[in-house]
Q: 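Quick one: structure below, then a few questions.
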Amino acid sequence: MKYVLVTGGVVSGLGKGVTASSIGLLLKACGLRVTSIKIDPYLNTDAGTMSPFEHGEVFVLDDGGEVDLDLGNYERFLDIKLTRDNNITTGKIYQYVLEKERKGDYLGKTVQVVPHITDAIQEWIERVAVVPVDGMAGPADVCVIELGGTVGDIESMPFIEALGQFSYRVGPGNFCLIHVSLVPVLNVVGEQKTKPTQHSVRGLRGLGLTPHILACRSTTALDESVKGKLAQFCHVPKENIFTLYDVPNIWHIPLLLKEQKAHEAIFRVLNLLDTSKEPSLGEWISRAKICDTLHVPVRIAMVGKYTGLSDSYLSVIKVN
């Protein structure tokens with residue numbers, strides 16, 4: 001099993017979920033079977049009791065699991081059916097560990113974040129990653145894991161530690177870390193600023209994880225000089241730095257990654273170059289072009305309880 005971890009830095013809301021979904025789609029288009037896991041560091045066991053004003057839309061899976069909307073993106077992009085176990089929360093992990101402690105599974109040991117919580121996270125990932133979600137028998141080839149929040153959040157620390165241990169456990173060639181970060185453009189000077197990403201990567205490395213690939217969010221494509229600066233200060237090869245600049249609709253994101261040969265960078269890290277093939281995205285290209293040609297506005301009234309936040313009904317809004 002190969003693992004691709006997607007983390008985020010600087011600010012939340014950069015589009016890690018769409019990035020993780022697009023990476024999964026790209027790998028699937030190359031002939032690999034893909035599954036996904038979303039990690040949410042909040043203490044709730046699931047999103048069911050959280051206000052949509054605070055959390056955004058709750059996505060309901062086929063098994064009744066109430067989860068983060070990103071799992072809905074995974075299902076749409078990858079054409080898979082996930083389960084509630086594909087969404088890991090701090091609440092679920094602590095509940096799992098405490099139930100084991102009450103049963104005496106730890107044989108009188110002092111239960112601690114390290115190693116008990118971190119081990120439980122790794123066990124959960126390994127258990128869920130091999131469950132088929134595409135209707136075919138046997139485990140997938142690649143598991144795409146998205147870590148919610150931003151690097152440096154207190155609640156993310158046990159997961160960062162667990163994933164650092166996990167990367168060492170599965171070994172080189174089986175783990176690829178993609179860090180999504182912000183490269184802002186200041187209107188005053190019109191220059192792309194790399195310092196936020198530098199600090200974010202430095203913080204990530206200080207926590208025991210070193211990114212193999214940088215996916216940089218910016219309003220425009222990165223200048224070559226900016227890529228060179230990021231490569232120098234973040235210790236990431238220039239050919240492994242990609243721009244996710246603003247596009248008319250999210251269907252273009254997988255195409256952006258394909259144009260920049262992100263799949264080849266991932267295959268290099270995962271030692272899959274010999275078995276890989278060029279991604280086939282003909283249907284996806286047609287879908288993106290159709291969305292670009294829709295210019296006639298249509299007014300649709302929507303009645304809802306949480307209309308004060310557009311994310312509360314994001315699935316409905318996207319369909320419209």
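Side chains included, hydrogens not; waters and symmetry mates left out as well; all remaining heavy atoms used. Throughout, residue positions are numbered sequentially from 1 according to the sequence presented. Model, not experiment: these values are computed from the prediction.
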Q: Among Thr89, Asp68, Asn73, which residue satisfies the side-chain hydrogen bond (donor to acceptor under 3.5 Å, both in side chains) criterion with Lys38?
A: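 Only match with Lys38 under side-chain hydrogen bond (donor to acceptor under 3.5 Å, both in side chains): Asp68.
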Q: Any chance you could lay out the side chain to side chain contact (heavy atoms under 4.5 Å, CB included) test for Ser312 and Leu309, step after step, and finish with the verdict?
A: CA-CA 6 Å; Ser312 301; Leu309 181 70; 3.6 Å; yes
Q: Heavy atoms, side chains only, cut-off 4.5 Å: are Ser167 and Leu209 in contact?
A: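 With C-beta onward as the side chain, the pair touches.
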Q: Closer than 3.5 angstrom, by distance alone: can the side chain of Ser218 be matched with the main-chain N or O of Val183 as a donor-acceptor pair?
A: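 Indeed, once roles are kept as given, a pair shorter than 3.5 Å links the two residues.
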Q: Is the shortest heavy-atom distance from the side chain of Gln95 to the side chain of Thr45 under 4.5 Å?
A: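 Result yes, sub-4.5 Å side-chain heavy-atom pair found.
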Q: For Leu71, does its backbone N or O pair with a side-chain atom of Glu75 as donor and acceptor, under 3.5 Å?
A: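 The answer is no, because no donor-acceptor pair under 3.5 Å joins these two groups.
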Q: Using the rule that Ile, Leu, Val, Met, Phe, Trp and Tyr join whenever any side-chain heavy atoms are under 4.5 Å apart, tell me whether Ile213 and Leu27 fall into a single cluster.
A: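 Both belong to a single hydrophobic cluster.
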Q: Would you call Leu186 and Glu191 a side-chain contact if the rule is heavy atoms closer than 4.5 Å?
A: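 With C-beta onward as the side chain, the pair stays apart.
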Q: Do Leu214 and Phe233 share a hydrophobic cluster (ILVMFWY, side-chain heavy atoms under 4.5 Å, transitive)?
A: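 No, Leu214 and Phe233 fall in different hydrophobic clusters.
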Q: Would a 4.5 Å heavy-atom cut-off, applied to side chains only, mark Thr210 and Leu204 as touching?
A: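 Answer no - side chains too far apart.
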Q: Considering all heavy atoms of both residues, which atom of Val111 and which atom of His116 are nearest to each other, and what is their separation?
A: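 Heavy atoms only, the tightest pair is CA-ND1, 3.5 Å.
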Q: Could Lys103 and Glu99 be called an ion pair, given the rule that one side-chain N must be under 4.0 Å from one carboxylate O?
A: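 Salt bridge absent between Lys103 and Glu99.
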Q: Which is it for Leu5 and Leu147 under the side chain to side chain contact (heavy atoms under 4.5 Å, CB included) test, yes or no, and what are the steps along the way?
A: CA-CA 7 Å; Leu5 172 63; Leu147 176 60; 4.3 Å; yes
Q: Set out, in order, the CA-CA distance, both residues' side-chain angles and the distance that settles side chain to side chain contact (heavy atoms under 4.5 Å, CB included) for Glu126 and Arg169, then state yes or no.
A: CA-CA 11 Å; Glu126 286 188 317; Arg169 194 161 105 191; 2.4 Å; yes
Q: Any heavy-atom pair between the side chains of Ile93 and Trp124 that's under 4.5 Å?
A: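 Answer yes - side chains close enough.
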Q: Without swapping roles, check the side chain of Ser200 against the backbone of Pro196 for a donor-acceptor pair under 3.5 Å.
A: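 Side chain of Ser200 to backbone of Pro196, a donor-acceptor pair under 3.5 Å: no, none is there.
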Q: Between Phe166 and Tyr3, does the ring centre distance come in under 6.0 Å?
A: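 Yes - the distance between ring centres of Phe166 and Tyr3 falls below the 6.0 Å cut-off.
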Q: I'd like to know if Asp85 and Arg127 make a salt bridge, using a cut-off of under 4.0 Å between side-chain N and carboxylate O.
A: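 Result for this pair is yes, salt bridge flagged.
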Q: More than 12 heavy atoms of other residues, nucleotides or ligands under 6.0 Å from CG of Asn271: is that the case?
A: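 Result for CG/Asn271: enclosed.
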Q: Got a donor-acceptor contact below 3.5 angstrom from the Asn240 side chain to the Pro237 backbone?
A: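 Pair absent, no side-chain N/O of Asn240 close to backbone of Pro237.
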Q: Just checking, any donor-acceptor pair under 3.5 angstrom between side chains of Asn249 and Asp292?
A: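 The criterion, which ignores hydrogens and geometry beyond distance, is satisfied for Asp292 and Asn249.
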Q: Can you measure from CG (Asn87) to OG (Ser36) and round to the nearest 0.5 angstrom?
A: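 Answer rounded to 0.5 Å: 11.5 Å.
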Q: Would a distance-only check, ignoring hydrogens and angles, find a side-chain to backbone donor-acceptor pair under 3.5 Å from Asn174 to Val170?
A: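 Indeed, once roles are kept as given, a pair shorter than 3.5 Å links the two residues.
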Q: Do NZ/NE/NH1/NH2 and the carboxylate oxygens of Glu224 and Lys229 come within less than 4.0 Å?
A: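 A salt bridge is absent here (no side-chain N lies under 4.0 Å from a carboxylate O).
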Q: Take atom CZ of Phe53 as the centre, draw a 6.0 Å sphere, and report whether it contains more than 12 heavy atoms from other residues, nucleotides or ligands.
A: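 Counting other residues, nucleotides and ligands, CZ of Phe53 exceeds 12 neighbours.
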Q: Determine whether the side chains of Glu57 and Tyr306 contain a donor N or O and an acceptor N or O closer than 3.5 Å.
A: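 No, Tyr306 and Glu57 have no side-chain donor paired with an acceptor closer than 3.5 Å.
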Q: Is the shortest distance from a Lys or Arg side-chain nitrogen in Asp134 or Lys28 to a carboxylate oxygen in the other one below 4.0 Å?
A: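 Not counted as a salt bridge, because no side-chain N and carboxylate O are separated by less than 4.0 Å.
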Q: For residues Ile285 and Leu78: do they belong to one hydrophobic cluster (side chain heavy atoms under 4.5 Å, members Ile, Leu, Val, Met, Phe, Trp, Tyr)?
A: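 Linked, Ile285 and Leu78 end up in one cluster.
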Q: Compare all side-chain heavy atoms of Phe59 with those of Leu82 and state whether any distance is below 4.5 angstrom.
A: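 Sidechains of Leu82 and Phe59: no contact.
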Q: Hydrophobic clusters here meaning ILVMFWY residues chained together by side-chain heavy-atom distances under 4.5 Å, can you tell me if Ile241 and Ile253 are in one?
A: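 Per the 4.5 Å side-chain linkage, Ile241 and Ile253 are not co-clustered.
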Q: May I ask you to check whether over 12 heavy atoms, not counting those of Lys289, lie within 6.0 Å of atom NZ?
A: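 Not buried by this count: 12 neighbours or fewer within 6.0 Å.
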Q: Which distance, rounded to the nearest 0.5 Å, do you find between the CG of Asp223 and the OG1 of Thr194?
A: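 With rounding to 0.5 Å, CG (Asp223) is 11.5 Å from OG1 (Thr194).
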Q: So Ile125 and Leu163, side chain to side chain contact (heavy atoms under 4.5 Å, CB included) or not? Walk me through it.
A: CA-CA 10 Å; Ile125 290 171; Leu163 290 163; 3.9 Å; yes
Q: Please determine, by modelled atom types, if His235 and Arg205 share a side-chain donor-acceptor pair under 3.5 angstrom.
A: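 On atom types as modelled, these side chains qualify, holding a pair under 3.5 Å.
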Q: Ignoring hydrogens and angles, tell me if any N or O in the side chain of Ser286 forms a donor-acceptor pair with the backbone of Gly282 under 3.5 Å.
A: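 Here the side-chain-to-backbone pair exists.
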Q: With the 4.5 Å side-chain cut-off for hydrophobic clustering, are Val67 and Tyr94 part of the same group?
A: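 Looking at the clustering, Tyr94 is in a separate group from Val67.
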Q: Do the side chains of Val34 and Asp141 get nearer than 4.5 Å, heavy atoms only?
A: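 The answer is no; the side chains never approach within 4.5 Å.
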Q: Does the Gln260 side chain pair with the main chain of Thr243, one donor and one acceptor, at a distance under 3.5 Å?
A: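 At least one qualifying donor-acceptor pair exists.
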Q: Are more than 12 heavy atoms from other residues, nucleotides or ligands located less than 6.0 Å from atom CD1 of Ile154?
A: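 No.
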Q: Is it the case that over 12 heavy atoms from other parts of the model lie below 6.0 angstrom from the OH atom of Tyr245?
A: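 For Tyr245, atom OH is not crowded (no more than 12 foreign heavy atoms under 6.0 Å).
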Q: State which residue, out of Leu14, Val10, Val11, fulfils the side-chain contact (heavy atoms from CB on, under 4.5 Å) condition with Arg217.
A: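 Running side-chain contact (heavy atoms from CB on, under 4.5 Å) over Leu14, Val10, Val11 with Arg217 returns exactly one hit, Leu14.
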Q: Can a donor-acceptor pair be found between the side chains of Ser21 and Glu146 at a distance below 3.5 Å?
A: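 No, because no side-chain N or O of Ser21 sits under 3.5 Å from a partner of the opposite role on Glu146.
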